[in-house]
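In what follows, a single structure is set out as C-alpha cells and then discussed.
Scope of the values below: all heavy atoms of this structure, side chains included, with no hydrogens, waters or symmetry mates. Order of the sequence lines sets the chain letters (A, B, ...), proteins ahead of strands, with each chain counted from 1.
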Number of protein chains: 2
Amino acid sequence: MGYGMREGLSERNKKILEAIIEDYIVTAEPVGSRAVTRRHGLTLSPATVRNVMADLEEMGFLTSPHTSAGRVPTDKAYRFYVDSLLAVGTIDKAERERIRKRYSLAGRDIGAVLHETSKLLSSVSHYMGIVLAPRFSSTIFRHFEFVKLSGRRILAILVAQNGTVQNKLIESAEELSADDLVRMSNYLNELLEGLPVSEVRAKILAEMQNEKVLYDALLTRALKLSEQTIEEGGAQIFIEGQTNIFEQPEFTDVRRMKEVFRAFEEKSQLIHLLDRSLSAEGVQIFIGAETRLNQMEGLSVITSPYLSGKNTLGVLGVIGPTRMGYGKVIPIVDYTAKLVSRLLEEE
Amino acid sequence: MGYGMREGLSERNKKILEAIIEDYIVTAEPVGSRAVTRRHGLTLSPATVRNVMADLEEMGFLTSPHTSAGRVPTDKAYRFYVDSLLAVGTIDKAERERIRKRYSLAGRDIGAVLHETSKLLSSVSHYMGIVLAPRFSSTIFRHFEFVKLSGRRILAILVAQNGTVQNKLIESAEELSADDLVRMSNYLNELLEGLPVSEVRAKILAEMQNEKVLYDALLTRALKLSEQTIEEGGAQIFIEGQTNIFEQPEFTDVRRMKEVFRAFEEKSQLIHLLDRSLSAEGVQIFIGAETRLNQMEGLSVITSPYLSGKNTLGVLGVIGPTRMGYGKVIPIVDYTAKLVSRLLEEE
DNA sequence: GTTAGCACTCATCTTGTCTGAGTGCTAACG
DNA sequence: CGTTAGCACTCAGACAAGATGAGTGCTAAC
C-alpha cells in the first residue's frame with residue numbers, strides 16, 4: 001500500500017484520483033470503482049480501484065455521501081488536482097478570437113470595459129463572472145472641478161488619470177460665484193497635479209496648515225470642500241451570470257440556492273475575498289473552504305489581477321462550483337486579465 | 001343567484017371573495033369553504049359558501065388547482081380586490097419614522113439616495129425594491145467639461161442640474177491643448193445653458209450648420225466631441241432584495257425561481273415596464289399578466305413615479321407575488337415616492 | 001334561499017417492497 | 001505480495017398500494 005510514502009501518492013493512485021475528479025467534473029455524480037475502470041482506460045479491476053479509493057478516502061481526498069454511493073472529491077482533492085495533476089490547457093484560438101471581438105464593441109470607457117468583462121467571463125466560462133473595479137485611491141489625480149448647481153449646492157467632480165470619475169454633492173457654507181469656483185479648481189489642480197489619489201487627502205490636510213493659504217479665505221474654502229469630496233467610496237464590483245449557478249446540479253436544491261444568493265447580495269465579503277488576491281501575481285484559485293466564506297461552500301473562485309503598466313488596478317475572475325472545469329477556466333481568466341490589462345495600458 | 005346583475009357582485013359575494021383573497025394572502029394555501037366561514041366570521045354555512053365559490057369560479061375570479069383543493073384567486077380577483085374592495089391603509093407612524101430615518105444617513109447624492117431607496121423599499125415591504133433612475137435626457141443641462149487624460153484621450157463630462165454626471169472617453173482626431181479644451185468647454189456651456197438635455201443634441205446639430213462656427217475649427221471640433229458624448233445611456237435601475245422572493249412559498253420550486261431570476265438578469269424588459277408607469281400619476285399596480293411580461297407570472301408590480309417640482313424623474317416601486325399585502329405595500333410605495341420627491345425637490 | 005348530508009375526488013402521506021449501484025472483506029491467483 | 005474474483009451487505013431511490021383527509025358538487029329537506 002501507499003503507506004510507505006508519507007507525502008505524495010504513488011503514480012497509480014494519482015492516476016486514479018485524477019480519473020475520479022475528472023469524471024466527477026463532467027457527471028456531477030459520485031463515481032464508483034467500476035466507472036473509473038470503464039471510462040478511463042485503466043487496466044485495473046474495480047476491486048483494486050476500490051482498495052485505492054479506500055486509501056484515498058483515508059487520506060482525505062474523497063468522501064462518500066453514503067455507503068452505497070460512489071466517491072466524491074473533497075476540497076483537498078481539487079487542491080491537489082490543481083496543483084499537481086492539472087495540465088492547464090491553453091485557450092483555443094476560436095475562443096480567444098471570440099473574447100477579443102467582444103471588446104471591439106464596448107467603448108473605451110473603463111466602466112463599460114469592466115462591465116462587459118464580467119458578462120464575458122460569465123458567458124465564456126458558463127459560470128459567474130466577477131470584476132472588482134479599481135479602487136479610486138489607486139489612481140492618479142488628474143482634475144478637480146466644482147460645478148454650481150444652485151445656491152449653495154455644489155457638485156464636486158474628481159477625475160483620475162484613467163478616466164474614472166468620482167463626484168459628490170456638497171453644500172457649501174455660503175454661496176460662491178462661478179468665478180470663485182473656477183479659481184478654486186485651478187488652485188487645486190495645480191496643487192494636486194500628478195499625485196496618487198491615495199495621497200491627495202494628506203496633501204490637502206498639509207496644505208491647510210500652510211500660512212499663505214490661511215490668509216486666503218477662498219483657498220481655505222477650496223481645501224475644505226475638496227476634503228469633503230475625497231472619501232473612499234466602497235469598492236465597486238460587477239457580478240454577472242448568477243443564473244448560471246442554477247444550472248449546476250449541485251445547486252438544484254432550494255436551500256443551497258438561497259444560501260448562495262444571500263452571499264452575493266451582501267457583497268462586502270466577496271470584495272474582501274477579491275482584495276486578498278489583489279496583491280497576488282497571476283491567477284489565484286480558492287477552492288471551497290479556502291475562500292474562508294462559509295456561504296461559499298461548494299464554490300471555487302478563480303481570480304487574476306489586472307493592471308495598467310506596473311500598477312495593479314483590480315481583480316477579475318470566475319466563480320463556479322468546486323466541481324469546475326479548472327483546465328478550461330484558468331486560461332480564460334488568465335487571458336482575459338491580460339487582455340484587460342492591455343486595454344487599460346495606454347492610460 | 002347573482003345572475004341578475006351582469007356587472008358587479010352582490011354584497012355577500014364580495015365579502016366572500018374578499019375573505020378568500022385575504023386568507024390566501026396570509027396562508028398561501030388554497031382556501032376551502034370551511035376556512036372561509038371559520039376564519040372570517042361569516043354567518044353562513046360552508047355549503048352556501050361553496051355555491052358562491054362555484055359562481056365566482058364561473059366568473060373567473062377563482063380557480064382550483066385540483067378538484068379537492070380549495071380555491072385560489074386569479075389575477076382578475078386581485079384586480080377587483082385592489083379596485084373595489086381594498087381599503088388602502090395609511091402607513092403607520094412608526095414605519096414612516098423608520099423610513100425617514102434611513103434617509104438622514106444617505107448623503108444628498110442622487111445616486112446614493114436612489115440606491116438606498118431600493119434597499120429601503122425591499123426591507124420595509126419584505127419584497128423586492130426597484131428604482132428606475134432618471135433618464136439623463138430628462139434633466140437640465142448644466143455644465144460641460146473636457147479633461148485631457150493623455151495625448152488624444154479626452155474625458156468629456158456632462159453635468160446635469162440635478163447633479164447627475166455622465167462621462168465618456170473620447171479619442172479626438174488630433175491633440176488638443178489644455179487651453180483649447182477650456183475654450184471649448186466655455187463655448188459649449190454658453191451655448192447650451194439651461195437647455196433640457198433632451199434638446200442638447202438637436203441644438204448641437206443645428207449649431208454645426210452655423211456659418212460663424214464653420215470658420216472656427218476649434219468650435220467645430222468642440223461640437224463634434226460633444227455630440228459624441230451625448231448618447232442615451234441605457235436607463236439605470238436599482239433592484240434590491242431579490243432573495244426575499246425566495247421566501248415566498250410559491251417560488252420554492254426551482255423551476256419558477258430560475259424563471260424569475262432570468263427575468264431580472266435581463267433588465268431591459270423590466271425597464272420597459274417601468275417606463276410605462278413613468279407618465280402615470282400616483283401609484284400604479286400591475287397584477288400578474290398585466291405586466292405583459294410572461295416571466296412575471298405570479299408577480300405583481302406596484303409603482304409610483306417620483307418627481308422634482310413638476311418634472312417626473314423616474315419610477316420606484318415594489319415587486320412581490322400577486323399574493324401580496326397590497327394594503328400595506330401601496331401606502332409604502334406612495335409615501336416613499338413622495339419622500340424621494342421631496343428630497344430631490346430643491347434641485 | 002339556505003343548509004345538512006352524502007358520495008365522490010384527488011393530492012399527499014405512509015408503508016412496504018424491490019432494484020441496482022456500490023461497497024468491504026476474504027480467499028484464491030499469478 | 002499485489003491483484004483479482006466472488007460474495008454478502010448496505011442503502012438511496014423508485015414504485016405500488018393503501019390510508020387519510022380536505023374539499024368538492026349535488027340533492028333533498030328546512
The residue among B:K14, B:E18, B:E22 that forms side-chain hydrogen bond (donor to acceptor under 3.5 Å, both in side chains) with B:Y81 is B:E22
Closest to the side chain of B:S45, out of D:dA12, C:dG24, C:dT3, is C:dT3
Using the ring of each side chain (for Trp, its six-membered ring), is A:F246 parallel, tilted or perpendicular to B:F261, with breaks at 30° and 60°?
-> perpendicular
Do A:K258 and B:E247 sit within salt-bridge range, that is, some charged N less than 4.0 Å from a carboxylate O?
-> yes
Protein-nucleotide distance (A:N51, atom CG; C:dG22, atom C1'), rounded to Å = 14 Å
How is A:S64 classified with respect to the nucleic acid when contacts are heavy atoms under 4.0 Å: base, sugar-phosphate, or nothing?
-> nothing
Does OP1 or OP2 of C:dG24 have a side-chain N or O of A:R71 closer than 4.0 Å?
-> yes
Of the nucleotides D:dT4, D:dG23, C:dT3, which one has an atom closest to the side chain of B:S68?
-> D:dG23
Pairing of A:E266 and A:R262 as salt bridge, 4.0 angstrom limit = no
With both distances under 3.5 Å as the test, what is the Watson-Crick or G-U wobble partner of D:dA29?
-> C:dT2
Separation of B:L44 atom CG from C:dT3 atom C1', in whole Å?
-> 10 Å
Would you kindly give the CZ-to-P distance between B:R34 and C:dA4, to the nearest whole Å?
-> 12 Å
Rounded to whole angstroms, how far apart are CE on A:M53 and P on C:dA21?
-> 15 Å
Return the value, rounded to whole Å, for the distance between atom OH of B:Y24 and atom P of D:dG23.
-> 14 Å
Length of the NE2-P vector between A:H66 and C:dT23, whole Å = 10 Å
Nearest nucleotide by nearest heavy atom, which residue falls closer to the 5' end of DNA chain C, A:G32 or B:P65?
-> B:P65
Of all the choices, C:dA4, C:dT23, D:dT24, which nucleotide is nearest to the side chain of B:A47 once you look at every atom?
-> C:dA4
From the candidates D:dT4, C:dG5, D:dC11, the one with an atom nearest any side-chain atom of A:T67 is D:dC11
Rounded interatomic separation in angstrom, taking CD1 from B:I20 and C1' from D:dG23 = 13 Å
Could you state the atom-to-atom distance from CG of A:L42 to C1' of D:dG2 in whole Å?
-> 16 Å
B:R12 vs C:dT2: side-chain N/O to OP1/OP2 distance below 4.0 Å | yes
Between D:dT4, C:dC6, C:dG24, which nucleotide gets closest to the side-chain atoms of B:R50?
-> C:dC6
Less than 4.0 Å between a side-chain N and a carboxylate O, is that true for A:R71 and A:E57?
-> yes
